[in-house]
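The structure appears below as structure tokens.
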Amino acid sequence: DYLQLLDWTGRILRDDKRGAICEKAPPILKRLNIDPKNWMYSTQYFEHSFKAFAGTLESVKHACAQFEYKRRPSMNYCLT
């Protein structure tokens, strides 16, 4: 629902303004190549998949080093 709200908002902004989305652009999940079922699972079970950090592999590695984690949690869920 949140992404759809953002998509809708971007479509009603003026074309010459930052953040405007062309009316002819496909819906946001389609543009991002995200399966709606996967999106729903990710939003409902986010904490289950990401116990400590979420992000790219590099950003999680950096956070683990910064907080002196001995083990890196959730590495298999990281974006590459």
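Numbers here simply count residues along the sequence, with the first being 1. Just so we're clear, the structure is a prediction, and the values are computed from it rather than from any experiment.
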Met40 reachable from Tyr45 in the ILVMFWY side-chain graph, under 4.5 Å edges | no
Can you measure from CD1 (Ile34) to CG (Leu29) and round to the nearest 0.5 angstrom?
-> 5.5 Å
Side-chain contact, heavy-atom cut-off 4.5 Å: Leu3 with Trp39?
-> yes
Cluster question for you: counting only ILVMFWY and a side-chain heavy-atom cut-off of under 4.5 Å, with indirect links fine, are Tyr2 and Leu32 together?
-> yes
So how far is it from His62 NE2 to Thr56 OG1, rounded to the nearest 0.5 Å?
-> 10.5 Å
Under 30°, 30 to 60°, or over 60°: which ring-plane class applies to Tyr69 and Phe67, parallel, tilted or perpendicular?
-> perpendicular
Taking all non-hydrogen atoms of both residues, which atom of Arg31 and which atom of Asp7 are closest, and how far apart?
-> NH1-OD1, 2.9 Å
